[in-house]
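So that the names make sense, note that chain A is the first sequence line, chain B the second, and so on, each numbered from 1.
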Amino acid sequence: MGRLFAVEIVYRGIFQKTLAKNISRAIVLAAHQEGKPGISFGRYGDSPERNGVPAKNFAIVATDDQTLEEGMAKYEPKEVDISIAVDDTLCKGVESWAWYGLQPINRLLKPGGTLIVTSREEPEALIEMCHRKEYPYQLAIVKGIPSFSGLWVYKEDHSDVRILGAIAKVLPELFSLESVQKAIRAEWKDELKATSAARSYERITTVTVPPNQGNPEEPFKFELPKWSEMREGVTIPAIPRGHAMENTATQQVGGWQPERNPTFKKFSTRTMRPVVDFDTCIKCTLCWLQCPDSCFDVTPDGLYDANMQACCGCGVCEAVCPVQKCVTMVNETQFRDNDSQWEMWNKDKEGYKKWLLEKIEHGPGPQRSHGFRYRGQYEEQVPEMLEIAREG
Amino acid sequence: MAQAVASLEQQADKTALITGSEAIAVACKLADVDVITAYPIRPYDTVMQYVAKLVANGELDCEYIVAESEHSQFEIVKHASAVGARVFCGSSGVGWMYAFEALTVTPGLRIPMVAMVGNRALDDPGAFGVEHNDALAVRDLGWQLVWVDNPQEALDTALIAYRVAEDRRVFLPCAISCDGAFLTHSQALVKIPSQEKVDAFLPPYNRGDLLLHPDNPITVAPQVNEDWLMEIRRQTAAAMERAYTVIREAYAEFEQIFGRRYGNPFFEEYQTEDAEIVLVGMGTLSTPVKVAIREMRKEGKKVGFVRVRWFRPFAAEELAKTLGRFSAVGIIDRDFSLGSPYLSGVLATEVRAAMYPAAKRPPMLDFICGLGGREVTLPDVKKMSDIVYHAAEGKPQPLTQWIGLRE
């Protein structure tokens with residue numbers, strides 16, 4: 001019985017599809033340089049991919065054909081040696097548009113396996129976002145902004161080969177740096193990429209995440225019905241209309257909170273979320289009107305509170321808001337919960353203001369991986385990415 | 001000739017990391033197909049993408065026509081084939097169903113079309129995982145139907161399909177079934193043969209006296225009534241009957257030229273020599289079944305597997321003889337036939353019919369499993385094997401059981 005290796009690449013649907021596929025292919029090709037057979041495939045249940053919705057690719061490699069077949073006998077691997085997140089906001093979990101619920105980013109990681117994340121955050125921040133595991137695992141950070149590499153006209157930023165170099169370091173049994181470089185030269189015919197892989201190999205550092213450290217929340221899940229319990233005719237009930245909201249402090253009742261989809265939440269769809277300054281809001285209704293996902297709850301006092309069950313982080317509310325810094329998009333890495341901002345504001349208006357300013361003024365701005373915040377953001381980020389690739 | 005073949009064998013194959021769909025596209029290139037029509041539906045559309053790429057890169061010189069629907073897609077290649085073009089097309093699920101009228105008339109006109117069916121569940125509601133009912137829907141119409149289980153076999157079988165379909169003794173269309181996701185979307189290392197090998201194996205398409213051309217004035221498909229139709233059917237049936245021989249010949253020569261051996265073309269036997277019971281199935285479920293068999297054999301359970309490749313023509317006598325050797329048989333259907341005898345799947349119904357005249361008829365159970373792309377798991381395979389063992393021991397079992405269902 002030989003050894004089986006499994007690597008998953010978790011990415012943002014459509015935008016990072018080519019990037020993930022390139023990484024997955026190159027893993028198999030690099031291992032093939034050492035005579036190891038392998039296969040590469042995307043999780044079919046994630047497709048057709050929706051914009052920004054988390055999706056997965058897998059590379060399965062073995063030391064011999066028979067062991068590979070054993071790996072292939074389970075379509076989606078039950079455990080992996082390495083999980084790769086090419087966007088750090090995915091550390092919050094993976095909710096495909098299929099009926100999987102919210103899967104922790106490290107769900108499939110073996111004890112002692114490595115989670116590789118492309119991020120500019122410190123390890124502590126990423127660990128806080130990841131769900132707790134009962135056993136220890138490794139966390140390795142490849143410094144970078146979530147990449148669009150390989151998508152249409154977006155420039156090559158070497159994210160793919162930097163991740164491959166990191167793999168050679170954390171799991172040398174899978175393939176050596178030399179094999180990675182050989183595969184890069186054969187597949188891309190690019191010496192610079194081979195150099196980037198080597199740099200990443202040299203610089204990558206890992207930290208051990210001890211047991212039970214991280215997000216203590218139970219990931220969102222649901223039970224699917226048995227065949228005999230389902231309604232006939234492929235019929236499901238409509239989402240109920242909704243109800244008025246209540247201000248628990250003043251007992252004021254009014255406004256409107258629509259009911260939300262009971263099984264599909266958007267906790268991990270977003271890469272950024274709106275932060276609302278309720279003190280400067282002029283109640284013009286534009287955010288509520290223009291939101292493509294009807295994510296705004298109307299409060300009894302006529303304010304608009306973005307509900308995190310329904311917000312996909314598109315940024316339309318920020319774009320249409322006529323008041324400066326009333327609605328501001330902030331990167332999802334800056335939040336640890338999905339609570340109501342309006343309720344926070346209700347309880348402590350001064351505290352809320354402080355929190356709000358801290359988020360919009362001191363936190364990093366929203367980063368690409370799910371569209372851009374404003375026109376020209378990509379052009380600004382290209383030199384930044386080059387710098388990171390050079391300096392690490 | 002013998003010397004020529006020997007020198008071909010020494011030509012090294014190139015290895016590429018490609019999906020089953022890409023393997024079919026590569027076969028189109030190697031077969032130098034003249035006319036390709038396309039209309040997108042997943043999982044077939046992956047072939048369409050790869051073919052388009054080959055055309056765009058100048059690697060494949062063909063007419064590449066994106067039709068406005070599957071019906072036109074299949075009509076266009078039907079006509080192109082009639083005027084002597086080697087053709088390729090394909091579809092999936094309800095797309096294949098939308099082409100149904102074109103599919104029905106193709107065999108009778110003796111059009112050697114090769115199509116890829118990326119097996120997909122028949123909607124509603126937007127299910128695109130594998131189920132074999134789409135391809136099986138044409139089983140009574142004169143289409144040759146073959147199932148493959150890995151990208152290498154997909155490439156090889158596409159070349160064989162052209163050779164068989166375009167043989168003047170056959171001239172019938174052939175659909176190659178590739179399981180959605182498991183085959184169409186999974187990249188594996190595939191050996192790509194040299195053009196010389198393919199040219200030695202696959203002669204040019206020669207439509208002969210049936211060529212629709214001004215120099216050969218003929219009419220194809222004039223109006224016929226009750227005074228013609230039975231004879232037309234009988235003629236097509238004779239062609240399908242001859243296909244058995246032509247398929248055997250093609251596989252034998254394939255082995256000679258390419259050096260890859262498939263054994264019995266019609267079905268693959270896995271660890272059947274000493275098996276007490278066997279499972280029967282089609283397509284990529286072979287992977288979990290084979291791995292589970294290896295595990296079960298460690299526990300002393302002698303289970304074998306028979307993978308049906310060619311469903312049309314169906315090797316009834318040979319299969320019946322093989323299955324008669326075991327004390328019980330379990331058929332895994334990745335399809336279902338509503339209201340059929342014993343409420344079974346299509347494959348089980350056919351195998352039972354094939355077994356009726358056989359001297360030895362072991363108990364035969366049917367399992368409905370893996371519909372709509374649901375994974376056929378190792379525990380599923382073990383559960384099915386246990387049930388078949390119970391039947392072998394004489395304990396009565398329901399004739400059809402659903403495996404992996406939420407119940």
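Between Trp227(A) and Glu407(B) the shortest side-chain heavy-atom distance falls below 4.5 Å. Between His32(A) and Leu17(B) there is no side-chain heavy-atom pair separated by less than 4.5 Å.
Separation of atoms NZ (Lys78(A)) and CG (Leu378(B)) is listed at 8.5 Å; rounding is to 0.5 Å. Separation of atoms CG (Asn150(B)) and CD1 (Ile39(A)) is listed at 11.0 Å; rounding is to 0.5 Å.
Contacts with chain A were tallied for Arg42(B), His185(B), Glu295(B); Arg42(B) has the most, counting heavy-atom pairs under 4.5 Å. Of the residues considered (Val234(A), Leu224(A), Leu29(A)), Leu224(A) shows the highest number of contacts with chain B, using heavy-atom pairs under 4.5 Å. Of the listed residues (Gly42(A), Ala59(A), Gly38(A)), the one with the most heavy-atom contacts under 4.5 Å to chain B is Gly38(A).
Contacts between Glu229(A) and chain B at a heavy-atom distance below 4.5 Å are absent for every atom of the residue. Contacts between Thr377(B) and chain A at a heavy-atom distance below 4.5 Å are absent for every atom of the residue. With a 4.5 Å cut-off on non-hydrogen atoms, Ser286(B) does not touch chain A at all. Interface residue Val376(B): only backbone heavy atoms are found under 4.5 Å from chain A. Proximity to chain A (any heavy atom under 4.5 Å) is shown, for Pro43(B), by both the backbone and the side chain. Heavy atoms closer than 4.5 Å to chain A are found in the side chain of Leu405(B), but not in its backbone.
Closest non-hydrogen pair, Tyr44(A) versus Gly129(B), comes out as CE2-CA, 3.9 Å. The nearest pair of heavy atoms linking Gln187(B) to Lys21(A) is NE2-CE, 3.5 Å.
In the displayed structure, Lys265(A) atom NZ is contacted under 6.0 Å by more than 12 heavy atoms of other residues, nucleotides or ligands. Residue Lys302(B) places its NZ atom among 12 or fewer non-hydrogen atoms of other residues, nucleotides or ligands, all under 6.0 Å distant. Under a cut-off of 6.0 angstrom, the local environment of NZ in Lys110(A) is crowded, with over 12 non-hydrogen atoms contributed by other residues, nucleotides or ligands. Within 6.0 Å of the CD atom in Glu178(A), the count of heavy atoms belonging to other residues, nucleotides or ligands does not exceed 12. The neighbour count for Tyr342(B) OH, taken as heavy atoms of other residues, nucleotides or ligands under 6.0 Å away, does not exceed 12.
Each of Lys74(A), Glu69(A), Glu70(A) was compared with Thr287(B) under the side chain to side chain contact (heavy atoms under 4.5 Å, CB included) criterion, and only Glu69(A) meets it.
Using cut-offs of 30° and 60° for the angle between ring planes, the Phe128(B) and Trp97(A) rings count as parallel.
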